[in-house]
Number of protein chains: 2
Amino acid sequence: MKGTKIEVGRMGGPGRAGRLTGSERRRQIVRVAASLFAEKGFVATTTRELAAACGVSEAVIYKHFSGKEELFETVLRQKMAEVDVSPYLESLPSDISLLDAFRAVAGRILDIGLGDPLIQKLLLAATIAGSPEAQKLYLSWRQPFTDFLEKRIRRGIDQGEVRPVDPVLTARAFIGLVNDCVLNCNLYERFGFGDFNKENSISNNVPIFVRGIAVDGKIGS
Amino acid sequence: MKGTKIEVGRMGGPGRAGRLTGSERRRQIVRVAASLFAEKGFVATTTRELAAACGVSEAVIYKHFSGKEELFETVLRQKMAEVDVSPYLESLPSDISLLDAFRAVAGRILDIGLGDPLIQKLLLAATIAGSPEAQKLYLSWRQPFTDFLEKRIRRGIDQGEVRPVDPVLTARAFIGLVNDCVLNCNLYERFGFGDFNKENSISNNVPIFVRGIAVDGKIGS
DNA sequence: TTGTAGTTAGTAATTGCTTACTCATTCGCG
DNA sequence: CGCGAATGAGTAAGCAATTACTAACTACAA
């Protein structure tokens, strides 16, 4: 990989100029590793490359991690910790309208997914590499949204505002639609998705879905 | 990778038992390579592994391909040739109903995507590996469906049966929803998608979408 | 004898990882 | 206060194994 961007330590740190403290270095390594693992996958990212991108020798990686695999798992766990969508969902009003619920979910997925492309790319990398963290990352990324919408759809059916659709299939479908937008923007962006606009996408797609599940006349668009 | 499945040649072929003809061997190598590249990606798949899975030595690979990269490009091109959805779309009646159009597209994507998981996995592998074939495979996999639905939606708007939704965004959203099902079944199947049922998915999701874009009262469910 | 399909034994380069060492800073003791 | 020891962050050099790939050779059928 050419043109590796080297993140060097700050000047005036502990001792020699350019040196980082141990924990600073560890954080840097994890940050740089996340980027490279997300872009190239686990195997295609070499420890030489990781070290070079951090501006240190390979041995430094092994001062902080037992091996490449532990570094990868650490990256995945940290990314998982960053992706906690539950507080956001819990902050939504419990009597949220159907339209607002779908809009909020779509907006959040797009905000997070587009704001931090590494999430989805690391999920792919972890899944392909067969990492045990992959499933956790997958579930932490999707499950809260799916559960939230499933609940809201069930309540809508109970209250007569939603047709008897399958709540699980419907929630998954909508989450899938939004995640596909994220996937295209993050992974396939050079294949013709440079024109993606979040607001346009939400404005167009959310009403389609909400009208599609609503009992006739119950929900205005 | 343990437990590599070896495809040995047939007994009673040319000359020595177990030997294949040149073209048979080439086809076998491509088939086996498709499977391994799809599962592990380009870099993580070694030529040693490829040869072992074919039951030959590595040098045989180089009797048929100039190198690993050429083999990969060959795999991608062949898969692209296998994925030709245009004939199917062209076989659909030109006055197809909205519901039938969406249903046909969803059915086809699911049939192909689930019937041949390698398509999507190779697309991912090619994209991550930065292969020039990746964009072609991406477009050949998605563009025909997107174009077809976009056209049908435009006609629906013109004819007053579809609300003034954005045809491109809407088509992409629906294709995305279906492709996400395929992605989940193919890549994330061990994370809780073993229960996917194609007919249920279509029966639930297609009407939602069609009702969502239809002018009120124009389309029954 | 020739052609075909294959193998063996190798190459140079790369990989993940280790170890002995360096150097600057800090600390503690006399 | 000065000096030596300890510490922390890092490097250079190297390891064994693996990698993509090659060249010379083998064996058998036609």
Side-chain angles (χ1 to χ4, degrees), chain A residues 1-2 4 6-30 32-33 36-37 40-75 129 131, chain B residues 1-2 4 6-30 32-33 36-37 40-75 129 131:
Chain A
M1 166 183 163
K2 299 191 180 55
T4 299
I6 298 180
E7 288 190 23
V8 296
R10 71 184 185 283
M11 309 304 277
R16 187 176 301 178
R19 293 162 76 107
L20 302 178
T21 66
S23 53
E24 284 170 340
R25 179 65 75 193
R26 185 187 159 91
R27 278 196 288 276
Q28 183 214 24
I29 292 171
V30 171
V32 166
L36 287 171
F37 284 137
K40 312 183 60 169
F42 177 72
V43 177
T45 300
T46 66
T47 47
R48 269 167 185 69
E49 210 171 354
L50 287 165
C54 292
V56 295
S57 67
E58 271 177 281
V60 169
I61 310 279
Y62 294 90
K63 296 283 188 174
H64 296 278
F65 301 94
S66 65
K68 186 181 173 187
E69 201 163 312
E70 194 207 21
L71 174 54
F72 190 43
E73 305 298 330
T74 301
V75 163
S131 164
Chain B
M1 168 184 162
K2 298 190 180 60
T4 300
I6 298 180
E7 287 192 22
V8 297
R10 70 184 185 280
M11 309 305 276
R16 185 176 306 178
R19 289 160 77 103
L20 302 178
T21 65
S23 53
E24 284 171 340
R25 180 65 74 192
R26 186 188 157 91
R27 277 196 289 277
Q28 183 214 23
I29 293 172
V30 171
V32 166
L36 288 171
F37 283 139
K40 312 181 59 166
F42 178 72
V43 176
T45 299
T46 65
T47 48
R48 191 150 309 179
E49 214 169 353
L50 287 165
C54 292
V56 296
S57 65
E58 272 176 279
V60 169
I61 310 281
Y62 294 88
K63 296 286 186 176
H64 296 277
F65 301 94
S66 64
K68 185 182 174 186
E69 204 163 308
E70 194 207 21
L71 173 53
F72 189 46
E73 306 297 330
T74 301
V75 162
S131 166

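It should be emphasised that the depicted structure is a prediction, and the values quoted were computed from it without experimental measurement. So that the names make sense, note that chain A is the first sequence line, chain B the second, and so on, each numbered from 1.
By the 30° and 60° cut-offs, the orientation of the rings of B:F37 relative to B:F72 is perpendicular.
Side chain of A:K68 to main chain of A:T45: a donor-acceptor pair is present (N/O by atom type, distance under 3.5 Å, no hydrogens or angles).
In this entry the distance linking CG of A:L36 with P of C:dG16 reads 12 Å, nearest Å. Rounded to whole Å, atom P of C:dG6 lies 11 Å from atom CD1 of B:I61. Separating the CD atom of A:E58 from the C1' atom of C:dT15 is a distance of 8 Å, rounded to the nearest angstrom. Between A:E70 atom CD and C:dG16 atom C1' there is a gap of 14 Å when expressed in whole angstrom units. Atom pair B:L20:CG and D:dA29:C1' shows a separation of 16 Å (rounding to whole Å applied). The CZ atom of B:F72 sits 17 Å away from the P atom of D:dT19 (whole-angstrom rounding).
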>> Run A:I29 and A:L50 through side-chain contact (heavy atoms from CB on, under 4.5 Å) and show every step you take.
In response: CA-CA 8 Å; A:I29 292 171; A:L50 287 165; over 6 Å; no
>> For a side-chain contact (heavy atoms from CB on, under 4.5 Å) check, start with the C-alpha distance between B:K40 and A:V43, then their side-chain angles and the critical distance, and finish with the verdict.
In response: CA-CA 9 Å; B:K40 312 181 59 166; A:V43 177; over 6 Å; no
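Applying the 4.0 Å criterion to OP1 and OP2 of C:dA24, one finds that A:R19 has every side-chain N and O outside that range.
Among the heavy atoms of the strands lying under 4.0 Å from B:T45 are primed sugar atoms or P, OP1, OP2 only; no base atom is included. Contacts of A:T46 with the nucleic acid, taken as non-hydrogen atoms under 4.0 Å apart, involve only primed sugar atoms and P, OP1 or OP2.
The residue among A:R48 and A:K63 whose nearest nucleotide of DNA chain C lies closer to the 5′ end is A:R48. Of the residues near DNA chain D, B:A59 and B:K68, the one whose nearest nucleotide (by heavy atom distance) lies more toward the 5' end is B:K68.
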